[in-house]
Number of protein chains: 2
Amino acid sequence: MKIGELAKRSGCSIQTIRFYERQGLLSKPKRTEANYRSYGKALLDELIFIKQCRSLDISIKEIETLIYNKNNPEQSCSSVNKLIDEHICQVNEKIKELSSLKLTLEQMAQSCDANKTIKECGILSELTGS
Amino acid sequence: MKIGELAKRSGCSIQTIRFYERQGLLSKPKRTEANYRSYGKALLDELIFIKQCRSLDISIKEIETLIYNKNNPEQSCSSVNKLIDEHICQVNEKIKELSSLKLTLEQMAQSCDANKTIKECGILSELTGS
DNA sequence: TCTTGACTCTATTCTAAGTATAGACTTTAT
DNA sequence: ATAAAGTCTATACTTAGAATAGAGTCAAGA
Ligand SMILES: [Zn+2]
Ligand SMILES: [Zn+2]
Ligand SMILES: [Zn+2]
Ligand SMILES: [Zn+2]
């Protein structure tokens, strides 16, 4: 199949597919005589794997590592488990940060309920004087 | 004061200060004879305002708008209030996304508790077969 | 056969908010 | 006088793609 069909089947955009290839993440496909990319099922599966990982916010560098792992099936999977654990930590951190930010923003919003002028705006005065 | 002291007093790095100036966010300071930037209290306050906003994840473009508002104190502050409300919405969205991601990651982590080989790894098999 | 539209190609630029250099110049302290 | 610390500009790098320009290719209809 050509890149347009791969895009439809995988749900990735054409530019994203070419980007993954440039990054060395997705294997280079064969080319037709006209230099069009020509994909088979194996590359579709590669791409779906990449997409799964990205949907979990696993970075491209980390996906490289995971692909390397997949190609060495006899080794221990402890690094894979560790990678996921670290992601969970990061997500927890981020949720904490955002919850705190949310609280601050909501308090700030309450300090100016009605429409006032800029110079009377409770929000701006909170932002100005710390 | 020179840029190093401004950096210490504001908590921004020197590069960040110069970056804000290049972006037109922080006013250009006077220069000494040797072309060193020379700041006064007014610019320190400007920078602190910018830092407050950034700590609430308000973008540089939005800070530009807020600064424009501050310079027109007789106008209505409704756009300021709206900006904050929109931020609260965005933060809520992001928290939802992350909570869902967290759940997925935790379930995935449970699918491989012990150290196995890569080919037996529950995490990798979940990532591979969707 | 010609043409039109849809598809693909590479290469380059852009995004956000900084961070990190290199190479030159100035100021301060010893 | 010299060395260390501070400052200057300009440039490149970071993430994960998105967007574009200009050229080439393919299939269908007139
Ligand atoms: Zn990660
Ligand atoms: Zn207000
Ligand atoms: Zn915003
Ligand atoms: Zn495992």
Notebook entry, point to check: Is the distance from OP1 or OP2 of D:dA16 to the nearest side-chain N or O of A:Thr16 less than 4.0 Å?
Noted result: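 No, outside the criterion.
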
Check: Do any side-chain nitrogens or oxygens of A:Ser13 fall under 4.0 Å of OP1 or OP2 in D:dA18?
Finding: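 True: A:Ser13 side-chain N/O within range (under 4.0 Å) of D:dA18 OP1/OP2.
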
Starting at [atom1] of [X] and ending at [atom2] of [N], how long is that distance when rounded to a whole Å?
X       : N      : atom1 : atom2 : value
B:Ile17 : C:dG18 : CD1   : C1'   : 13 Å
A:Gln15 : D:dA16 : CD    : C1'   : 12 Å
A:Leu25 : D:dT15 : CG    : P     : 13 Å
B:Phe19 : C:dA20 : CZ    : P     : 14 Å
B:Ile58 : C:dA17 : CD1   : P     : 11 Å
A:Gln90 : D:dT15 : CD    : P     : 14 Å
A:Tyr20 : D:dT15 : OH    : P     : 14 Å
B:Arg54 : C:dT19 : CZ    : P     : 10 Å

Just by modelled atom types, is the [Y] backbone N or O under 3.5 Å from a matching donor or acceptor in the [X] side chain?
X        : Y        : answer
B:Asn81  : A:Cys112 : yes
A:Ser100 : A:Lys96  : no
A:Arg18  : A:Arg22  : no

Checklist line | Separation of B:Ile84 CD1 from B:Leu66 CG (nearest 0.5 Å) | finding: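 Separation between the atoms: 7.0 Å.
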
Margin query: Nearest 0.5 angstrom please: A:Ile63 CD1 to A:Phe49 CZ, how far?
Written below: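 That separation rounds to 7.5 Å.
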
Notebook entry, point to check: For the helix from C:dT1-D:dA30 to C:dT30-D:dA1, how many degrees between its two end axes (five pairs per end), to the nearest 10°?
Noted result: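 About 30° separates the two local helix axes.
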
Check: Is A:Lys2 positioned over the aromatic face of A:Tyr39, cation under 6.0 angstrom from the ring centre and no more than 45 degrees off axis?
Finding: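 Checked: cation-pi criterion not met.
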
Could you list, one pair per line, each protein nitrogen or oxygen that sits under 3.5 Å from a nitrogen or oxygen of nucleotides 6-13 of chain C, together with the distance?
unit_1	atom_1	unit_2	atom_2	d
C:dC7	O2	A:Tyr36	OH	3.4
C:dT8	OP1	A:Gly4	N	2.8
C:dC9	OP1	A:Arg37	N	2.5
C:dC9	OP1	A:Arg37	NH1	3.2
C:dC9	OP2	A:Arg18	NH1	2.8
C:dC9	OP2	A:Arg37	NH1	3.3
C:dC9	O5'	A:Arg37	NH1	3.4
C:dC9	O3'	A:Arg31	NH1	3.4
C:dT10	OP1	A:Arg31	NH1	3.2
C:dT10	OP1	A:Arg31	NH2	2.9
C:dT10	OP2	A:Arg37	NH1	2.9
C:dT10	OP2	A:Arg37	NH2	2.8

Notebook entry, point to check: Charged N to carboxylate O below 4.0 Å: is that the case for B:Lys94 and B:Glu97?
Noted result: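 Yes.
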
Next item on the list: State, to 0.1 Å, how close A:Ile118 and B:Cys77 come at their nearest heavy-atom pair, and which atoms those are.
Entry: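 Minimum heavy-atom contact is CD1-CA, 3.8 Å.
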
Notebook entry, point to check: Starting at the 5' end of DNA chain C, which residue's closest nucleotide do you reach first, B:Ser59 or B:Glu33?
Noted result: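 Whichever sits nearer the 5' end wins; that is B:Ser59.
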
Next item on the list: Group every Ile, Leu, Val, Met, Phe, Trp and Tyr by side-chain heavy-atom contacts under 4.5 Å, then state whether A:Tyr36 and A:Leu43 land in the same group.
Entry: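 No.
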
